[in-house]
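Worksheet: the structure to be examined is printed underneath.
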Amino acid sequence: MIETRDLRVDYGDVTAVRGLNLSIPKGEIFGLIGPNGAGKTSTIRVLATLQEPTYGDVFVGGVDAALNPTGVHELLGYMPDFAPIYDNLKVWEFLDLFAAAYALPRATRKQRVDESIQLANLEGKRDTLCEGLSRGMRQRLVLAKTLLHEPKVLLLDEPASGLDPMARIELRRMLIKLVETGKTVLVSSHILTELADFCTSMGIMEKGKMVVQGKISEIIAQMSGHKSLVVEVLERVDEAHALIRNFNGVRACSVEKRELRADFDGDEAAVAELLRALVQQGIPVIAFHEEKMDVEDVFLKVGAKEVS
Amino acid sequence: MSSPVASWRIWSNPLVIKGMRQRLRRGTLISAGAVTLIITAFIFFFVYLALTQRGKFTAENAAKMAFLPIFILQCFIMMFLGTGGVATGITEERAEGLLDYHRLTPMSPTTKIVGYLFGLASREYYMFSLTLPFVAFSVVFGGINPLKVLQLYVVFFSSVILYHLAGLVAGMVAKKPRRASWTARIMVITLYLLLPMLGKLGFAFLSYFTVAPTFNGLIREETLIAGLTSVHDLNAIATSHLVPFFSISISPSLYTLLMEGVLIATFFAIVHRKWREESNHAISKSVSLMLFGTMQFLVVGSLWAFFSTGKGAGFAQINLNASPQERVARMMLLFYVFFAISALTSLLLIYIVTPIRDTFLKGLRRARKLGLAGIPWTSDAAPSLAYAGTYFLFTMMSYAVLASLAQGSQVFYRGSVDWTRQLYPLLMLASTMIYVQAVREYWSSRAFFGFLGIVWVLPMMLAMLVGIAVRDATTPLYLLTPTPPAGFVYAMLHAFEPVLTPSDAKALTLGGHQPALTYVSLIWSVGFAVFFSTRLWARERRDITREMSKARLASSDGIAAVRQTES
């Protein structure tokens with residue numbers, strides 16, 4: 001649904017995006033993660049046709065952005081970083097402006113505006129001037145505006161930036177609702193935990209380059225390489241340590257009080273074999289599990305390598 | 001989705017409705033309305049009552065005389081407040097990023113421009129509408145010809161659109177929001193005051209970007225009252241009836257509509273271009289050629305009558321009893337102003353259409369990627385030297401036409417001018433355009449203006465100081481040689497020296513230094529042109545070689561990668 005080929009964006013001598021090849025299938029929620037200045041906003045602005053790339057191809061829904069930007073506009077909903085609103089318009093007027101601008105039929109416009117107000121959870125603020133809205137409400141209002149014309153693709157640039165924890169939770173709820181509607185979403189953030197919950201795939205950008213991208217599970221598998229097993233025993237810690245350390249496939253094993261952590265190369269059958277060996281030795285195992293690597297670990301791992 | 005609103009359906013344009021919602025809420029409606037009504041009523045009744053009660057005028061004459069102050073108030077509302085509103089509104093929306101939302105909606109750029117044009121000035125249109133009953137009273141009871149009033153308001157609205165578009169241009173072009181309101185003000189002052197001043201020098205078309213000539217030509221006569229007519233009134237009427245253009249004369253309202261139409265089209269093209277892509281140059285290279293060509297056509301048309309018969313408008317006419325010295329001096333002055341206007345316009349266009357290095361490099365990379373031999377000529381990223389050359393060719397052709405007319409008419413001098421000498425001002429212009437183009441492309445804006453300050457302004461200041469401190473008149477003249485305005489004076493004097501009478505020659509050859517001053521000025525400007533063009537050329541060669549070698553490298557990498565895959 002979203003595709004870039006060898007995309008490059010220069011600002012003078014600075015290259016913001018360097019040879020970006022991105023492919024996001026339909027229905028995917030793609031999290032674009034990276035520190036400030038990584039090139040996320042430039043990428044999103046180019047995808048939204050708001051900025052011409054130095055070179056490279058951009059396709060949204062199969063439409064070439066360079067040849068038919070208007071065709072891309074019909075498919076897109078774009079929410080910028082620190083999304084602005086008209087302070088001196090009322091909430092319904094703000095939505096009505098864009099409903100009219102997107103040429104929604106007059107007969108259904110009011111209904112659509114009301115639905116959007118409901119989606120943004122702003123029913124009580126319908127006739128309030130936008131200047132009276134909190135930061136979280138503003139973000140939700142802009143997101144509702146972005147959805148007015150029912151775009152197939154959403155580009156959300158740091159939607160949660162500057163929000164307090166409560167507002168973040170509300171926004172996240174709204175985003176999760178969106179995910180359920182089957183839209184293709186590209187959402188950027190420099191805060192990983194914002195995206196980890198609901199993204200199906202992600203890409204990590206660093207200094208204009210995409211360091212890693214793909215399905216979250218695939219990336220984790222790719223980045224992990226080996227399993228990390230956590231074993232907790234009631235007693236006989238030294239015996240358990242010796243057994244695990246000498247077990248086939250274990251690279252290293254550390255001990256902290258009654259907890260043992262092992263780097264293990266074996267497959268799932270080997271994991272089961274290790275547990276059986278511990279039990280057969282009569283070691284009182286009270287916990288045995290594989291520690292899963294999460295998105296944050298991947299980010300740290302990649303980031304540690306790439307960030308200068 | 002239904003189809004987006006058409007640009008002509010102003011009443012259902014979402015941006016107009018937005019503007020009305022923003023700027024015409026009940027509170028504003030009442031306060032702005034009350035203020036407008038109070039001020040208009042005060043002005044109207046002050047004039048009307050003062051004339052009928054104190055001045056013993058008839059009610060008809062008083063009503064007639066109240067027209068002008070109300071019209072001035074309307075001009076203030078629409079042109080001053082309206083332009084400010086448009087410039088400020090668009091600047092704020094651009095700075096906050098709200099324009100980006102509208103860039104993505106399916107409405108056409110024309111619909112969006114129309115929407116902003118009328119939406120951002122909706123309050124001023126409302127205020128204007130409240131003054132209309134007073135105008136109607138004045139016209140009906142004052143017996144002013146309604147057809148002429150209608151004609152006046154057609155031109156008035158053309159001016160309003162022009163000024164509001166100037167506000168939009170300022171808001172879309174200025175890099176920093178704070179600069180936009182200043183840019184708009186400067187544009188309005190230029191259109192309203194500076195250009196009409198130049199117009200008085202004989203460049204008639206420059207006076208017709210305002211409603212004033214139409215007012216003078218149509219309404220002032222109507223509002224005159226026997227016994228109260230001043231010489232100023234009569235002059236204004238006399239000079240506004242018909243405009244000399246080539247060998248014909250055009251009515252002031254039609255001429256104003258034509259002139260404003262040219263500028264409206266230009267401003268519209270700028271805003272339209274900026275809507276499509278923020279980083280685009282304000283004017284495309286091809287539009288700049290059309291614009292410069294049109295400007296030259298208008299200049300030649302305005303000066304045609306003067307150079308062919310000695311008769312024209314404003315300063316561009318010669319009294320039948322004028323001395324030979326006065327005739328030559330006036331001709332030279334008009335040639336000088338012609339060069340100044342042509343040079344300023346071409347330098348402004350060069351500044352706009354010349355790519356800075358980043359843009360050039362971006363263009364090279366894009367060309368490399370697309371496998372092109374180089375940057376396309378009409379692209380913003382292409383060097384503008386060829387365009388500077390074309391502006392020069394246009395100017396040279398205009399100058400040739402005007403100089404031939406002057407020679408053929410025998411009004412200004414007898415005999416003929418040595419044509420090789422005519423090349424000096426042209427060479428001066430060409431070299432100045434070339435080095436300005438090269439400097440602009442070579443450096444950033446700051447360095448560009450710094451260079452112009454050092455080479456153009458500093459010598460003037462030095463010359464003034466030396467002129468005061470030392471009683472030698474020659475040294476300041478030589479100090480001025482790097483600045484093109486002085487260089488043009490020297491070149492013009494040198495060009496027309498053979499037709500000067502011996503007594504004029506003594507005064508105008510600058511103590512016999514004028515040939516040397518001309519040559520030194522030319523050495524400066526030609527020297528700058530050669531120096532900067534060479535440096536620019538060398539840098540561009542380096543850039544092109546580097547980018548193309550990257551391209552070769554990339555393609556050989558690609559081949560290597562393919563071979564590796566195959567093996």
Side-chain angles (χ1 to χ4, degrees), chain A residues 5-6 8-15 19 45 48-57 69-90 92-94 96-109 129 142 145-146 148-151 155, chain B residues 1-6 12-25 28 89 92-109 111-112 115 119 276-280 356-372 380-381 444 554:
Chain A
R5 292 181 200 153
D6 199 15
R8 179 177 171 124
V9 181
D10 291 327
Y11 299 105
D13 291 335
V14 179
T15 302
R45 285 185 64 81
T49 72
L50 290 169
Q51 189 176 334
E52 258 189 15
T54 304
Y55 58 71
D57 300 312
T70 318
V72 171
H73 295 166
E74 284 170 20
L75 300 169
L76 270 187
Y78 164 69
M79 181 175 170
D81 189 4
F82 288 102
I85 52 175
Y86 288 104
D87 281 341
N88 47 9
L89 283 183
K90 291 176 182 172
W92 77 267
E93 288 172 344
F94 179 75
D96 184 63
L97 160 66
F98 289 98
Y102 277 103
L104 299 188
R106 197 177 278 269
T108 56
R109 201 181 293 166
L129 285 177
V142 176
K145 178 233 104 183
T146 309
L148 268 173
H149 62 293
E150 299 184 331
L155 302 175
Chain B
M1 270 190 273
S2 54
S3 55
V5 181
S12 50
N13 188 315
L15 290 166
V16 174
I17 296 169
K18 179 213 79 168
M20 288 167 72
R21 283 173 177 161
Q22 281 180 307
R23 294 171 63 83
L24 284 175
R25 288 208 186 280
T28 318
E92 280 173 4
E93 292 207 14
R94 185 171 155 233
E96 287 174 17
L98 286 158
L99 282 194
D100 283 347
Y101 292 157
H102 295 294
R103 282 200 166 95
L104 297 177
T105 63
M107 291 192 299
S108 69
T111 308
K112 290 169 192 169
R276 285 190 287 120
E277 171 66 45
E278 175 111 30
S279 61
N280 279 347
I356 54 170
R357 190 175 184 215
D358 294 343
T359 316
F360 175 71
L361 285 175
K362 205 170 163 180
L364 266 185
R365 284 176 196 144
R366 192 186 300 238
R368 165 165 71 87
K369 190 73 188 170
L370 296 172
L372 304 173
D380 277 1
S444 65

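Lettering follows sequence order; numbering is per chain, from 1.
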Which atoms of [X] come close to chain B, meaning under 4.5 Å heavy atom to heavy atom: side chain ones, backbone ones, both, or neither?
X	value
A/Pro69	neither
A/Ala83	both
A/Val142	side chain
A/Ile85	backbone
A/Lys145	side chain

* **Nearest-0.5 Å distance that lies between atom CG in A/Leu89 and atom CG in A/Asp96** => 9.5 Å

Between [X] and chain A, which part of the residue has a heavy atom less than 4.5 Å away: side chain, backbone, both or neither?
X	value
B/Glu96	both
B/Ile17	neither
B/Ser12	side chain
B/Arg276	neither

* Steps toward side chain to side chain donor-acceptor pair (under 3.5 Å) verdict (A/His73, B/Thr105) -> CA-CA 7 Å; A/His73 295 166; B/Thr105 63; over 6 Å; no

* To do: Please determine, by modelled atom types, if B/Glu93 and A/Tyr86 share a side-chain donor-acceptor pair under 3.5 angstrom.
  =>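 The answer is yes; a qualifying pair exists.
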
* Structure fact -> In terms of heavy-atom pairs under 4.5 Å with chain A, the winner among B/Thr111, B/Ile356, B/Asp100, B/Asn280 is B/Asp100

* Show your reasoning for whether ring pair (Phe, Tyr, Trp, His ring centres under 6.0 Å) applies to A/His149 and A/Phe98. => CA-CA 9 Å; A/His149 62 293; A/Phe98 289 98; 9.7 Å; no

